[in-house]
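Keep in mind that the numbers below use all heavy atoms, side chains included, and drop hydrogens, waters and symmetry copies. This chain uses plain numbering: 1 for the first residue, then up along the sequence. Not measured: the values here are computed from a predicted model.
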Amino acid sequence: MTAQITLNLSDEVYRQAELLAQQRHRSVSEILVETLGNFLLPTAKPVSALSDSEVIALTQLRLQPVQEQRLNELLECQQCGTITKIESQELQALIHIYEERLLLQAQALNESVRRGLLEPLQG
């Protein structure tokens, strides 16, 4: 099920979405839907309320390849000192997604061990 909505975006946000869409050969609406989904998903339920298969799937949670590639590009720009203000904002958004997914993955690993689905990590 999907819902159609209308958004009013600043010119700067729209230009950034348009640029990403051109780079990825996709539409602006696809980029915006994906970006919103990345911030609001992958789950609204606590990890403890998920099924065993959902918990195991979350233990493998990673950035999408295109996000990982872009994160690396932006980190390189930052390291070289050539990052723009818009790129810096994009970098912060990707770091936020990465951190959220890493936290979710850690919670899923903990829950998997608690349920006996995985052996505890040895270190």
Side-chain angles (χ1 to χ4, degrees):
M1 184 173 142
T2 61
Q4 185 174 0
I5 63 168
T6 301
L7 297 173
N8 293 316
L9 304 174
S10 69
D11 290 341
E12 185 175 323
V13 169
Y14 184 81
R15 279 192 299 274
Q16 183 64 23
E18 194 173 42
L19 178 63
L20 288 172
Q22 289 170 357
Q23 290 172 347
R24 290 166 176 73
H25 307 289
R26 299 177 66 199
S27 71
V28 171
S29 62
E30 288 173 326
I31 293 296
L32 293 172
V33 167
E34 179 182 315
T35 302
L36 284 171
N38 287 333
F39 276 108
L40 301 175
L41 296 176
T43 182
K45 292 192 240 178
V47 172
S48 60
L50 300 175
S51 70
D52 288 353
S53 62
E54 290 171 317
V55 170
I56 291 293
L58 285 178
T59 67
Q60 303 301 314
L61 192 60
R62 302 284 187 274
L63 286 177
Q64 296 172 4
V66 69
Q67 291 173 316
E68 190 171 325
Q69 178 184 350
R70 184 63 178 156
L71 178 61
N72 290 332
E73 290 169 1
L74 292 169
L75 287 170
E76 188 175 317
C77 287
Q78 183 182 47
Q79 188 174 10
C80 294
T82 60
I83 196 164
T84 66
K85 182 180 177 184
I86 291 175
E87 287 173 331
S88 182
Q89 292 169 345
E90 183 184 0
L91 175 60
Q92 291 307 310
L94 284 170
I95 288 172
H96 176 76
I97 293 168
Y98 174 79
E99 289 172 343
E100 289 291 320
R101 290 185 178 208
L102 193 61
L103 177 61
L104 206 54
Q105 182 185 36
Q107 291 171 339
L109 285 166
N110 183 56
E111 184 66 18
S112 294
V113 170
R114 190 188 71 73
R115 292 183 190 184
L117 302 172
L118 295 175
E119 292 293 320
L121 299 175
Q122 301 298 319

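- In this structure, the separation between CD1 on Ile86 and CG on Leu91 is 13.5 Å, given to the nearest 0.5 Å.
- When all heavy atoms are compared, the tightest approach of Ser112 to Val55 is OG-CG1, 3.1 Å.
- Val13 and Val28 fall within a single hydrophobic cluster, where Ile, Leu, Val, Met, Phe, Trp and Tyr are joined by side-chain heavy atoms under 4.5 Å apart, directly or via other members.
- You'll find the side chain of Gln64 stays beyond 4.5 Å of the side chain of Arg70, heavy atoms only.
- Going from atom CD1 of Ile83 over to atom CD of Gln89 covers 10.0 Å, rounded to the nearest 0.5 Å.
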Carefully, step by step, assess Ile97 and Leu71 under the rule side-chain contact (heavy atoms from CB on, under 4.5 Å). CA-CA 10 Å; Ile97 293 168; Leu71 178 61; over 6 Å; no

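- In the hydrophobic cluster analysis, where Ile, Leu, Val, Met, Phe, Trp and Tyr join through side-chain heavy atoms closer than 4.5 angstrom, Leu19 is grouped apart from Val66.
- A donor-acceptor contact under 3.5 angstrom links the side chains of Glu73 and Gln69, judged on distance only.
- The shortest heavy-atom contact between Lys45 and Leu50 is CB-CD2, 4.0 Å.
- Remark: side-chain polar atoms of Arg26 are not paired, donor with acceptor, to backbone N or O of Leu20 under 3.5 angstrom.
- Arg62 is listed as a side-chain neighbour of Gln105, based on a closest heavy-atom distance under 4.5 Å.
- A donor-acceptor pair under 3.5 Å links the side-chain atoms of Asn72 to the main chain of Glu68, judged by distance alone.
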Should Glu111 and Arg114 be marked as a salt bridge (Lys or Arg N to Asp or Glu O under 4.0 Å) after you check the CA-CA gap, both sets of side-chain angles, and the distance that decides it? CA-CA 5 Å; Glu111 184 66 18; Arg114 190 188 71 73; 2.5 Å; yes

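- Hydrophobic cluster membership differs between Val47 and Leu103, with clusters built from Ile, Leu, Val, Met, Phe, Trp and Tyr side chains linked at under 4.5 angstrom.
- Across all non-hydrogen atoms, the minimal contact from Gln16 to Glu90 is NE2-OE1, 3.1 Å.
- Minimum interatomic distance between Ala108 and Leu58 (heavy atoms only, all atoms of both residues): CB-CB, 3.5 Å.
- Note that the OH atom of Tyr98 and the CG atom of Leu61 stand 11.0 Å from one another [nearest 0.5 Å].
- In this structure, Glu76 places its CD atom where only 12 or fewer heavy-atom neighbours from other residues, nucleotides or ligands lie under 6.0 Å away.
- With rounding to the nearest 0.5 Å, the separation of CD1 in Ile56 from CG in Leu117 is 4.5 Å.
- For the atom pair CD1 (Ile95) and CD (Gln92), the distance works out to 4.5 Å, reported to the nearest 0.5 Å.
- Proximity of Asp11 to Arg15: side-chain heavy atoms (C-beta onward) are separated by under 4.5 Å at one or more points.
- Side-chain contact between Thr2 and Val33 is absent, with no heavy-atom pair separated by less than 4.5 Å.
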